Amino acid sequence: MSIDHPINPAEVKEEILKAYPPKVARKRGKQIVVNEVGEDAAVPEISANVRTTPGIITQRGCCYAGCKGVVLGPTRDIINLTHGPIGCGFYSWLTRRNQTKPPTDEHDQFMTYCFSTDMQDEEIIFGGEKKLKAAIQEAYDIFHPKAIGVFSTCPVGLIGDDVHQVTAEMKEKLGINIFAFSCEGYKGVSQSAGHHIANNQLFKHVIGRNDTPLEGKYRISLLGEYNIGGDAFLIEDLLEKCGITLTATFSGNSTMDSFERAHTSDLNCVMCHRSINYVADMIEKRYGVPWIKVNFLGAEGTAKSLRKIAAYFENKELMDRVEEVIEEEMIEVRKAQEEVRAQCEGKLAMLFVGGSRAHHYQDLFAEIGMPTIAAGYEFAHRDDYEGRKVLPDIKIDADSRNIEELSVEADPDNYRPRITEEQAKKYEEAGHSFKDYEGMMPEMSSGTMIIDDISQHESEMLIEKYQPAIFCAGIKEKYTVQKSGTPCLQLHSYDYGGPFAVFEGACTFYRTVDRMVNNKLWSMIEAPWEADAKPEIEAAYVSG
Ligand code: CFM
């Protein structure tokens with residue numbers, strides 16, 4: 001499949017690179033790729049998960065953000081304590097629109113609080129361990145939580161506070177689960193490093209502590225769904241409707257208890273591959289739970305994912321129920337598609353988001369006839385672009401080597417293969433696959449542009465050249481995109497909209513996009529200096 005557009009993407013690439021000094025242009029040249037899908041879903045190689053050149057305005061976040069903000073943030077009954085100056089805690093507080101629903105007011109809900117040790121100059125000079133201990137004690141005395149997680153910010157690593165020693169001591173003293181993350185902001189090249197560190201510590205300190213499974217015939221866990229704008233609530237409802245029991249979600253609307261028994265599920269379903277594939281692999285190795293890739297964004301993806309889950313359990317009753325639910329839900333979906341299609345069809349979308357959404361949301365656009373002309377991740381790795389088949393070819397550089405790789409073996413008591421080899425073969429013969437993610441590029445048309453870690457300059461050039469109908473990104477890009485007269489849909493938080501998951505959310509998405517791309521307001525945007533050609537400030541060179 002090739003995209004039909006008069007602009008030559010190779011020329012756009014060349015023009016983008018012209019603005020850079022030669023060395024930078026060479027580096028960026030490997031991260032800007034014109035897609036070409038060949039046989040067996042072969043795609044060109046893209047450079048990813050590499051350092052951003054200083055001076056380039058990137059949209060990336062830091063390792064601490066990936067660990068504390070992304071993976072642990074949406075869990076309501078752990079106290080997430082930031083060890084560092086107050087800014088890190090404050091700026092990672094409630095910025096992702098994670099939502100959670102404790103069953104009653106009596107249940108712990110700490111997500112609305114911001115906990116920090118508020119390091120001062122004195123601790124930077126003489127060490128912050130004493131203050132950290134006191135903060136853990138204080139949090140415990142006031143809230144009596146089940147667990148406390150301590151997150152290291154940059155200065156903690158630089159001065160060498162031993163957060164693991166302090167948390168081990170306090171765990172012993174207080175008798176609750178307390179553990180720390182060495183997720184200093186500077187580790188790795190982006191928030192992706194923080195995901196890995198979070199995965200490791202959850203696996204070491206939490207998963208596997210409760211062997212009692214939830215009641216239910218078809219037990220699954222959902223990995224890589226963070227309940228942005230309420231997405232996880234819709235997924236939970238849908239699974240319940242199908243009769244599927246959700247043991248744990250990493251980590252939207254989640255609790256420590258659900259993590260502790262996550263290994264008792266019979267199947268792990270991975271939404272965001274980038275942020276949580278490590279946990280999926282480790283649970284499989286230690287406990288024998290296989291994982292499959294799912295996508296609950298887009299009506300077709302949702303239907304496909306439900307069918308994949310049902311096929312795994314090989315149960316006629318479940319398969320029938322899933323078909324019934326799909327049929328029922330698709331009535332409204334078709335209606336919504338019909339409503340917007342004529343006005344949306346053929347309009348171009350661009351998506352530059354994180355490490356999975358730039359891919360998943362393309363399905364939603366495709367469902368209303370909008371092709372994606374350019375897309376990219378901020379911090380994903382080559383496997384998220386090209387598919388897991390390239391894993392053996394990925395070179396491990398010094399930045400990745402910095403992150404601990406846990407060596408995991410089968411648990412002598414708790415390892416239990418969930419299906420036989422024969423069953424696995426049958427499943428694969430039916431067209432499903434385990435432990436696989438095909439990546440974004442094979443599913444995009446040839447001739448589209450793929451840009452890793454896009455910069456401000458590059459986004460502006462793309463908008464100027466292609467004039468897309470909509471640009472999906474985050475808060476950092478939003479206003480410059482809008483000032484160019486292009487609507488910007490925030491896919492990290494949905495601003496005030498959403499949720500967009502499953503069938504119900506898909507209908508909301510179609511209607512939201514229709515309103516955005518067909519709103520005349522954007523074409524009326526004119527800066528004051530454009531309306532009045534006279535410059536507001538006049539100056540002249542004075543010769544010396
Ligand atoms: Fe996964 Fe995410 Fe994403 Fe991500 Fe993120 Fe996010 Fe994202 Mo913002 S875990 S990679 S680190 S789906 S916070 S919920 S929206 S960049 S595309």
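For reference, positions follow the sequence shown, starting with 1. All figures in this text were calculated on a predicted structure; none of them were measured in a lab. Indexing begins at 1, ligand by ligand and atom by atom, following the structure's order. Basis for what follows: all heavy atoms, side chains included, without hydrogens, waters or symmetry-related copies.
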Can [X] and [Y] be counted as having a side-chain donor-acceptor contact under 3.5 angstrom?
X: Y494; Y: D231; result: yes
X: D384; Y: H273; result: yes
X: E378; Y: H492; result: yes

Query - Sidechain N-carboxylate O distance under 4.0 Å for K30, D452 - result: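 Looking at K30 and D452, the cut-off is not met.
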**Report entry** K204/E404 ion pair, N-O < 4.0 Å
**Finding:**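 Yes.
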Looking only at protein heavy atoms, identify the closest one to [atom] and say how far it is in Å.
atom: atom 13 (S) of ligand 1; answer: R96 NE, 3.0 Å
atom: atom 2 (Fe) of ligand 1; answer: Y226 CD1, 3.9 Å
atom: atom 5 (Fe) of ligand 1; answer: F379 CZ, 4.1 Å
atom: atom 10 (S) of ligand 1; answer: G355 N, 3.2 Å
atom: atom 8 (Mo) of ligand 1; answer: H492 ND1, 2.3 Å

Which ligand 1 atoms, with their elements, are less than 4.0 angstrom from a heavy-atom of [X]?
X: S275; answer: 1 (Fe), 9 (S)
X: V70; answer: 9 (S), 11 (S), 13 (S)
X: S356; answer: 1 (Fe), 3 (Fe), 10 (S), 12 (S), 17 (S)
X: C272; answer: 1 (Fe), 9 (S), 10 (S), 12 (S)

Query - By side-chain hydrogen bond (donor to acceptor under 3.5 Å, both in side chains) - contacts of N519 (at least two apart) - result: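 So N519 forms no side-chain hydrogen bond (donor to acceptor under 3.5 Å, both in side chains) with any residue.
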Query raised in the report: Out of curiosity, is H360 lining ligand 1, as in a heavy atom under 4.0 Å away?
Result: no
Query raised in the report: Would G66 count as a contact of ligand 1 if the rule is a heavy atom under 4.0 Å away?
Result: no
Query raised in the report: For the residue pair F181 and F151, does the interplanar ring angle fall in the parallel (under 30°), tilted (30 to 60°) or perpendicular (over 60°) class?
Result: parallel
Counting only heavy atoms closer than 4.0 Å, does ligand 1 sit against the backbone of [X], its side chain, both, or neither?
X: I228; answer: side chain
X: H195; answer: side chain
X: Y377; answer: neither

Query - K293 side-chain N/O to M271 backbone N/O, donor-acceptor pair under 3.5 Å - result: yes
Query raised in the report: When you measure from the side chain of R261 to the backbone N and O of T247, does any donor-acceptor pair fall under 3.5 Å?
Result: no
